[in-house]
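Take a look at the structure below.
Numbers restart at 1 for each chain; the letters A, B, ... are given by sequence-line order, proteins then strands.
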Amino acid sequence: MATAILEIENLSVEYHAGRRKLPVLREICLSVAAGETLGIVGESGSGKSTLGLAVLRALPANGRISAGRVLLDGVDLAQTQGATLRRLWSRSLRLIPQNPLAALNPTLKIGAQLVEAIGGRRDAAEAQAAALLARVQIADPERVMRSYPHELSGGMQQRVLIAMALHGAPRLLVLDEPTTSLDVTTEAAVIDLLADLIAERQPASLFISHNLGLVARIATRTAVLYAGEVVEIAPTTTLFQQPRHPYTQGLLRSLPHPGLRYDHHPLQPIEGAIPAPGTLPAGCVFAPRCPLADDRCRRERPPLLAIAPHHATRCHYWHRVMLDGALPAFVVPTTVPSDAPLLTTHRLSKTIAQRQSLTDIARGKPAPAVQALSEVNLTIHRNRILGIVGESGSGKTTLARCIIGLTPPSGGAIELLDIPLAPLIHQRPREHVRRLQMVLQNPQEALNPALTIGEALRRPLIRLGGLDSKTAANRVPDLLRLVKLPPEYAHRRPNQLSGGEKQRVAIARALAATPDLLVLDEAVSALDVSVQAAVLNVLADIKERTGIAYLFITHDLAVVSYLADDVVVMYRGQIVEQGPVAAVLRPPLHPYTEALLAATNPRGVRLREADATGTAPAQGCPFQPRCPRAIGEICRATPPPWREAGVGHRIRCHIPLADLQVAQTHNEPISSEH
Amino acid sequence: MILRYLFRRILLLGATVLVSSLIIFLICRLLPGDVARVLLGREAGEAALAALRAELGLDRPLLVQYLDWLRGFVLGDWGIAYSTRQPIRPLVLERLGNSLLLAGATLLLALPLGIGLGVWAGWRAGKPDDALINVSLLSVTGLPEFVTGLLLIDLFAFRLRWLPANSSIRPDATLGEIAPQLALPAITATLVLLAYIARLTRTGVINELSQEYVRTAMLKGLTPLTILRRHVLRNALLPTITVIAISLGWLISGLIVVENVYNYPGIGRLLTFAIDRRDLILLQAIALITVVIFAVANLLADLMYALLDPRIRLGDE
Amino acid sequence: ACGSATPSPEPTAAPAPTQSGPTGRLRVASEIPVQLDPAFASSDAEILILNHVYDYLVDIDAGNNVIPRLAREWTMSDDGLRYRLTLADGVYFHDGSPLTAADVVWTFNRLRDRSLQLPTADLYANIADITADGENAVVFTLTTPNPFFLYDLSDNHALVLRAGVTNPATAFNGTGPFKVVEYRTENRIDLAAHQAYFQAGKPAIANLEIIFFADQAAAVDALRGGQVDLVLRMPTPLFQTLQQTAGIVTVQTPTNGFDLVRLRADRTPGNQPDVIRALKLATDRQAIFRQVKAGLGAVGRDSPIGPLFSAYYSEETPIPPRDPAAARALLAAAGYPNGLKLDLHVPDSGDRPDLAVVLKEQWAEAGIDINVIVEPESVYYGDNGWLEVDLGITGWGSRPVPQFYLDVMLVSGAVWNESHFSDAEFDALAATARTTLDEAERVRAYREIQRILIERGPIIIPYFFAQLSAHREGLRGYVAKAFPGRTDLAVIAV
Amino acid sequence: MNVQRLGRAFFADPATAAGTIIVAGFLTLALFGPLVAPYSPTAQNVDLIRQPPSPSHLFGTDRLGRDLFSRIVYGARDMLALAGGGTALAVIFGTLIGVSVAYLGGWLEELVFRLFDGLLAMPALLLALLLLGAVGPSRVSVLLVIVVVYTPIVARVARSVVLTLKPRGFIEAARMRDERLSYVLWRELLPLVAPTLAVEAALRFSYAIFLVASLGFLGVGVQPPNPDWGLMVLEARNEFALAPWSLYVPAAAIALLVIGVNLMAEGVRRAIGES
Ligand SMILES: Nc1ncnc2c1ncn2[C@@H]1O[C@H](COP(=O)(O)OP(=O)(O)OP(=O)(O)O)[C@@H](O)[C@H]1O
Ligand SMILES: Nc1ncnc2c1ncn2[C@@H]1O[C@H](COP(=O)(O)OP(=O)(O)OP(=O)(O)O)[C@@H](O)[C@H]1O
Ligand SMILES: [Mg+2]
Ligand SMILES: [Mg+2]
């Protein structure tokens, strides 16, 4: 290993909350060399961001480095301040934050913000800014520099911040979940770009993420953070193949690995929750949740043991930690549903008019109307899980809301068991309302903070189950047990629950109505992997027991391949591919599906980033402008036809199926002669 | 497009003003007392009164009176004041001009001072100087303008003899002559607004300081002052625009008390005069023009806001 | 003021006119005028302006004597039915046209024209005919003798206009000592000296500004702050304040004006004499005088014939001392053993609200529970409410002769008989006093009238005002008038 | 919401505690006025006109010889009853209307809030003056005016909160179970609107004090001889030079109460923000 640029020695950080001091980081020791990327992973609240900010000396006002040193090229950052610190900030220390929109001043143009970071003479700085934007693969730097932050897509915003972090000669780059707010396809491109730039500029980098797959792609070494402590650190491949801490092992087991299926391999989530700052247990911080823990663990805090070169773990019993052997790649048979359809949509369409800013109005731009859904036909069967995937803005949520009746479609029809549904929920008979239920994406918003969990669960029983208040109350514990929550939770209020627990309550509430179809809109996306695993298990379990159907919306293909029976791929309000999950995903046919899948593959195909303000072409294939395999004029001129690719498997593309299959398997371009 | 938007906003504004005009008209008709009596004095006979009422159109059906008044108002014929028999429009516009002058002077004082104090307090939130500013502002908040007005007259006009106690502006006065007359009323009104503006600014600054983009700016190595000036202020002061609009509306007729204390010939004093004399038609004109100004100020504030904050999207409310 | 009269001499207080013509600017505080048509103008503020833009035929001096103005001299026929007034020479309107007898005839014909329904129609109903006698003399013919006719000619409304003027409220074309430069409603009026004014040495100042104040406290502030030179009227505490202020001269003049507390006598409870006596017994006039008026003016004796009418004023009939217990007993006798509840309507001007509050407190001891309702004058007088309510307080301005009060306020069926008092004995006495040319008989009648009012008049007059005014030092020639609107500003020099 | 935590957060701040003490002090004065006040608020003493403060008349006497301390004490009753009662009623009406109409939306919302906009387009004091002119001055009128002037404002605030809550998941969840309207309005929405309204109510209360005092000062509010503080300032204006205390005393009472209410409002805001 080259000499370290960054050395963190025994770093401890605490926050002040009123008169209380909350220690959040304890005795962190890390070092990062030039050009090296150190991954930092851990559940939400483990202190990852705090570490990143502490290293940059950019903690919030109530945070303080209480002990330790942060050496950057031998200079202790913890002791610098004032003008010296500002000089370091402007020259060497850089941050790429999670939420690019929030990190940009909303009322200043991009150009001005970049120029300010670069400093020096104005015209020189402007030229350099344009060059930097070009370097981060922004096609039209001039236009972007004249734009306000909100006028750019999330990916573009993040590229701007990356450009901002790259000017001069950065020595330390902290990447705090830089892609969490982005689409999978954009994420892939941004990660590629970051890897390139780190190789080029050779800063020491900290890559913070809760997404283990992502870390694996970019970090050479990875540290696992738990409750403010580094519990394991190792080269990334070692960590993933031979974790030596029960927590690392737990995280890996929670992931839905390719090839696993819900009906055969339940995930193995970590029980319990991360302790809040200030409530650390006496011995090992992980002991309360650890399957290996004994009295010693609860008494005695383990040191960070070096167990191999570059591999250290904070566990008394590291040698007992073992990852299960290689898992059998389970081939999912392509099953086709046999029974009658539960719910069908016919040419369902939805147009949404969008608002404009005054400046746009003044510039004379026409008011955009988004075709959020365009002639969507799909069928959901009993006892099956239909996954819907697609980039952000592809119309997944709109589809779900139209089905439930929360938004009226602007065209088309929905039938439940062959009976047409009224467009809006309050026009539907109560029986229809009962049969279709939905779990929303954000668990923070799903529950009314003013009502107890018990009350939240009782209401659907009363309203839709026809129970009286007392009987309903008696059924609440059953519902809680159904989603693996203790019955005592009935008396709690939402703010006393973690995100995963709230989502489980939301699921229980939706299930209380004993629906025939449960729509889950990104119901697990906001959750930590271990919590996500628990929720997925609950869903699988309930489906097996009740034969309910799910409409499962997600952008995480791993989850879809784990959980779904059938899958629908959406692009800009249209279905581009649909069929049984095994047929659609292994291998993918449609170039769009291919790109979605390839996003997790470092060498996969990449899409050009969609222009947030651009509208779909009026004719031809809507995907054509971004398609890596477009075959020329026909794609631009003619809408693609539906093609049958197998039993129940259809795709909408001009490229002949055979060509697609060949290209997919060999990962090579298709010539445009056809 | 922009025209269509403006057109819609103005239509909406028209609807609001219309509702207000109806409310004003109805309330005015509920006022007890008799214009004719006020006009002719207590010595006038019944027949004379009836004749006058007929002449003023007070004996027609309410709806007719309302529509007539409204049409006249829109067309610029605001009628003849019942009491003084003078055309209303020049009178009201002249007073409005005076009130706007006072309002302008007040804003000229209150804005820099309030924003300055607010920024300082927000920047130094939690520190002793912030606490000091807060306490001072709070004490000012507690005093109604009719009290501060009297105390200021006593101090500046009688004890120190620096400023006139009264502000009956002469028609031919130059700005130099008017300025000292404006001073005390403007200071009094400023004290009412000051705390409001300063607190709002302080909240805005504190709020903006906690935004992530401030951290971005800090990590660029900018000095705190630059961050405040270039980044925080602009965003923190956006809400102040709305306050200015509201204050303008408040000042126009909210100056009732101040104008009465200082005998300042503004619209507020004219309003009390009209109420006192039961000059309904004058009263209606004053109330409605205030409403119009209030509404226009709000519209302008909205437009300004939308222009200064590129994020604001416009559309159907 | 009877028989054929020779003009009284000019008031000696008038300053020697400056030789070099008028100079300087006088700023006077005034309440807000509303109605500037002389035929309707009635308030102090209105008359103050008109009195300087126009002229009366005859004027009243500070001692209530009739003095010449436009009329240089006058004669009365022996039967008391014909008055001939000779006009002064060299009188010009502001537009340059000379004053003629025709203008006077036109003015008074307008004032008495029934069809125009002006408030003066009743006052001049007794005039049979007005004729011009040449260019500069006018003859008034009456139907019955009227010893107070010259006072009537000096009525506030009787300002001489240019014959045929169509917009008297805004024309401002008078003969008076000042021309209107600019009138700003509810704000101020600026006037300039009328160079061709017919009275030598008048006006003494070049510019007159009358600045309007809604609030007298603000007016007094302006005086203290040097923004005005003269305040003609103010409430008592402000006057007391100014008495202690350096650089300010305070002037108080006793007047015949008073606040009238009156109960309607034509219906319950006022139609029971015991109730009226109870109210009178429950009232401590001395205390009211001290609290409300701080001892400025004079204590009242329930009759409008005040101490300034020295020839007529009498203290013969004693006022029974305050006795709340007796009052309570009287009320019980009148059928109110648990006391009496009454609304008291008060206009919000002057010291009247304070008077109401003090009365409430005093009467409470006698079991009379007063609910004070303070109203703007526009409401109090509007819709003739003041003539309707049971219990009210009304301000009555100063008049040069007492007969006026009796005729309009107290005789049966009088226009403003707000107490609805109707007493045959009183009416007869009032009629005698009105018409007799025998002064001794009038004195006797007035004496009896005072007795009747003290014993059974449904009115309480707790005090007579003093006219309270103040000006800055350095102002010369100011003479206070009982009715401040008739102050002569033209003689003031700065 | 944890009441104890809320309470602790509330009193932890000395400024809030001071505000609470001030307001509680005035409340005590108002409640136990007859026990505290040495004299009747209207009792006059001809021999003790305009006495400066002394042991027997703590705040001195006025031009009619009335004890100013007693008048302040009784005035506190009026002030708290009118400003407080008016605010309370406005908050109740405003909440009821704002929450239900905003949730229902549609033409009803349009209608109601257009009407409110029409009312709100007039500055508060102007509207108050017009209304008081129409109904005549009295305690009840003042109360009514405060309700009419502030109900639309409260409704607007309630509405803005409801509009942010409406797209929230739990409201959609309620729609997905065909929930009763009354349940959604009063059990789901109201508790969440309440904190904002509490802050708004405190703010309104302090404005209401000003409004009542201003109306008193303009002579159109509570009528003499009632010891209204604004009216006392008006009456004192004429004799400021003779008896300055007669102005200082009611002015200080107004200022103190407003400051107390403001401090409390600030405390409520902070406490709610923290929990
Ligand atoms: N300014 C702050 N004041 C007090 N506590 C804080 C503050 N910021 C963070 N914390 C607490 O410190 C702990 C660590 O927070 P941190 O943001 O570093 O976690 P994280 O690992 O980045 O989580 P996430 O994945 O959710 O971003 C959490 O318990 C958090 O609640
Ligand atoms: N209320 C709305 N107003 C304006 N546009 C909307 C609205 N709701 C959705 N859209 C637009 O409709 C399109 C489809 O949105 P939708 O939310 O259904 O996508 P999605 O696939 O659920 O995206 P995500 O993965 O980000 O949740 C997008 O372009 C979006 O901008
Ligand atoms: Mg974080
Ligand atoms: Mg979505």
More than 12 heavy atoms of other groups within 6.0 Å of A:K21 NZ: no
Heavy-atom contact with chain D under 4.5 Å, split by part of A:A446: backbone
Chain D interface, residue from A:E455, A:R428, A:Q444 that has the most non-hydrogen pairs under 4.5 Å: A:E455
Heavy-atom pair of closest approach, residues D:E172 and A:L440: OE1-CD2, 4.0 Å
Heavy-atom proximity to chain D below 4.5 Å, by part of A:L447: backbone
Chain D contact via A:R401 - side chain, backbone, both or neither, heavy atoms under 4.5 Å: side chain
Exam field: side chain D:R177 to backbone A:R463, donor-acceptor pair closer than 3.5 Å: no
Heavy-atom pairs under 4.5 Å with chain D, option from A:R430, A:H426, A:R459 with the top count: A:R459
Contacting region of A:R509 [heavy-atom separation from chain D under 4.5 Å]: side chain
Sidechain-backbone polar pair: A:E445 side chain, D:F170 backbone, donor-acceptor under 3.5 Å: no
Nearest heavy atoms of D:R175 and A:L406, plus distance in Å: NH2-O, 3.6 Å
Check: D:E188 main-chain N/O paired with A:N448 side-chain donor or acceptor under 3.5 Å: yes
Separation of D:E179 CD from A:I462 CD1 (nearest 0.5 Å): 8.0 Å
